[in-house]
Amino acid sequence: MTGDPFTAHRSLLFTVAYEMLGSAADADDVVQETWLRWAEVDRSEIRDARAYLVRMVTRQALNRLRTMSRRREDYVGEWLPEPLLTSPDVADDVELAESVSIAMLTVLETLAPVERAVLVLREVFDVPYEEIAEAVDKSPAAVRQIAHRARGHVAARRPRMAVSRAEQQQVVDRFLAAVTAGDIQGLMDVLAPDVVVVADSGGLAPAARRPITGSERVANALSRFAQFAPRVEITTPLVNGTVAARIDAGGEFDTAITFVVEDGRITRMYAMRNPHKLQRLDEVAELRR
């Protein structure tokens, strides 16, 4: 690659930081910190600039993760990752789309910082164990153990997302048609019996403080939306690699919802209402592996 390696790999570095942090704003800060440090590096000693930069961004993201965990303790209600508007290219890359999905990022939140770094670098970016070991200051043998443990932890919690974008779109369209019509039976038909809805408002917008579970409770909660439907605009952009719903109420961006679809029904919904987390959904994010 010609030109500055940092510029060439910037989208990759942002993706690494975002998958580790679940926050685009924090990922931006980490990439900026990496750039400042890169500017002071003696390039003549570096054989593989991509690997070196990935190590740098990983270390910065780990530092940020530790401070973020303290910040999350004071968060009002449920905390969800910051959603990103993504291109069809991301959706077409099945592994990347799954790794950046809100569902997967939420599962990654349950890992310790080093576990999350190891899993992301190994499973998503295929970084060799020896390079990961340098990035997280562990031995390669320890990194292998951490990866094995983290893989098992995530496998037990990750949703099955092996559905095509066409099927996602069809199910989301059925859901939105039922919601806007106040069709309770239509909602019951498209929701899995054990569906879970998680909402994140940060205390800045009306939202359930705890997850809502079960199709009947979810359908009843959503049935009230029909009275507001004539005054809202709903579109279905690609968010974090999957078909989502964007709700604009009275000309103002109000809510983004992502879905997990299994066997033709919605099993999980993530509703982002914190206005600070909706700011990236007007511009496509450059995510790369």
Side-chain angles (χ1 to χ4, degrees), residues 1-72 81-84 86-87 89-90 93 95-102 104-105 107-109 111-140 142-143 146-147 150 154 240-241 280 283-289:
M1 276 179 189
T2 58
D4 180 34
F6 179 88
T7 303
H9 296 302
R10 187 180 187 112
S11 294
L12 165 70
L13 300 177
F14 174 81
T15 308
V16 171
Y18 174 68
E19 291 209 23
M20 284 184 61
L21 301 169
S23 161
D26 286 293
D28 276 339
D29 289 345
V30 161
V31 171
Q32 180 68 12
E33 288 164 12
T34 302
W35 179 77
L36 292 172
R37 289 168 184 264
W38 172 251
E40 298 173 356
V41 169
D42 179 2
R43 317 283 169 82
S44 65
E45 300 294 317
I46 297 172
R47 293 193 304 275
D48 184 341
R50 180 184 186 274
Y52 190 91
L53 284 163
V54 167
R55 284 201 301 274
M56 288 180 75
V57 86
T58 299
R59 287 175 181 149
Q60 296 303 313
L62 274 172
N63 291 338
R64 182 61 63 106
L65 258 182
R66 293 177 181 119
T67 61
M68 284 173 69
S69 62
R70 291 193 290 273
R71 211 166 67 201
R72 303 265 172 86
E82 184 179 353
L84 296 176
T86 46
S87 68
D89 289 349
V90 173
D93 182 339
E95 287 186 9
L96 180 59
E98 182 179 9
S99 73
V100 299
S101 69
I102 296 296
M104 179 56 76
L105 293 175
V107 173
L108 292 178
E109 283 293 317
L111 293 172
V114 171
E115 288 179 326
R116 184 166 183 169
V118 168
L119 191 77
V120 165
L121 292 176
R122 183 63 192 164
E123 297 298 302
V124 183
F125 300 99
D126 202 27
V127 176
Y129 286 113
E130 291 73 19
E131 287 183 24
I132 299 173
E134 282 191 58
V136 300
D137 295 322
K138 303 279 185 187
S139 70
V143 165
I146 292 167
V154 169
N240 288 67
R280 300 293 183 117
E283 184 178 343
V284 174
E286 291 293 324
L287 299 179
R288 292 286 182 272
R289 281 206 290 166

- Would you say Phe125 and Ile132 make side-chain contact, with heavy atoms under 4.5 Å? no

Checklist line | Side-chain heavy-atom pair Leu13, Trp35 within 4.5 angstrom cut-off | finding: no

Residues passing the side-chain hydrogen bond (donor to acceptor under 3.5 Å, both in side chains) test with Glu95, sequence neighbours excluded, are Arg289

All heavy atoms of Leu21 vs all of Ala61, minimum pair found to be CD2-O, 3.5 Å

What one should report as the nearest heavy-atom pair of Ala133 and Ser139 is CB-C, 3.8 Å

Across all chains, not counting sequence neighbours, the side chain to side chain contact (heavy atoms under 4.5 Å, CB included) partners of Asp89 are Ser87

So, Glu82 side chain and Ala25 main chain: donor-acceptor pair closer than 3.5 Å or not? yes

#### Entry: Under 3.5 Å: donor-acceptor pair, side chain of Gln60, backbone of Val30
no

When every non-hydrogen atom of Phe14 is compared with those of Ala24, the smallest separation belongs to CE1-O, 3.7 Å

Apply side chain to side chain contact (heavy atoms under 4.5 Å, CB included) to the pair Glu131 and Val54, showing each step before the final yes or no. CA-CA 9 Å; Glu131 287 183 24; Val54 167; over 6 Å; no

Residues pairing under salt bridge (Lys or Arg N to Asp or Glu O under 4.0 Å) where one sits in residues 48-62, two or more places apart or in two chains, turn out to be Arg55-Glu134

Listed pairs under 3.5 Å, donor-acceptor, residues 115-122 side chains, sequence neighbours left out:
{"residue": "Glu115", "atom": "OE1", "partner": "Ala112", "partner atom": "N", "Å": "3.1"}
{"residue": "Glu115", "atom": "OE2", "partner": "Arg149", "partner atom": "NE", "Å": "3.0"}
{"residue": "Arg116", "atom": "NE", "partner": "Glu19", "partner atom": "O", "Å": "3.1"}
{"residue": "Arg116", "atom": "NE", "partner": "Met20", "partner atom": "O", "Å": "2.8"}
{"residue": "Arg116", "atom": "NH1", "partner": "Met20", "partner atom": "O", "Å": "3.4"}
{"residue": "Arg116", "atom": "NH1", "partner": "Glu109", "partner atom": "OE2", "Å": "2.7"}
{"residue": "Arg116", "atom": "NH2", "partner": "Glu19", "partner atom": "O", "Å": "2.9"}
{"residue": "Arg122", "atom": "NH1", "partner": "Val127", "partner atom": "O", "Å": "3.1"}

Shortest non-hydrogen pair, Val114 vs Val136, comes out as CG1-CB, 4.3 Å

Hey, does the side chain of Thr86 reach the backbone of Gly241 with a donor-acceptor pair shorter than 3.5 angstrom? yes

With side chain to side chain contact (heavy atoms under 4.5 Å, CB included) as the test, would you mind laying out the steps for Phe6 and Val31 before giving the verdict?
CA-CA 10 Å; Phe6 179 88; Val31 171; 3.6 Å; yes

Rounded to the nearest 0.5 Å, the CD atom of Glu283 sits from the CG atom of Leu84 at a distance of 10.5 Å

Between Ser11 and Arg288, the two heavy atoms sitting closest are CB-CG, 3.5 Å

Those residues at least two apart in sequence (or on a different chain) that pass side-chain hydrogen bond (donor to acceptor under 3.5 Å, both in side chains) with Glu123 are Arg151

Between Tyr18 and Pro83 the two heavy atoms that sit nearest each other are OH-CA, 4.3 Å

Residue pairs passing the salt bridge (Lys or Arg N to Asp or Glu O under 4.0 Å) test with at least one member in residues 31-46, sequence neighbours excluded, are Asp4-Arg43, Glu33-Arg64

The side-chain contact (heavy atoms from CB on, under 4.5 Å) partner of Leu287 among Leu12, Asn240, Asp93, Val100 is Val100

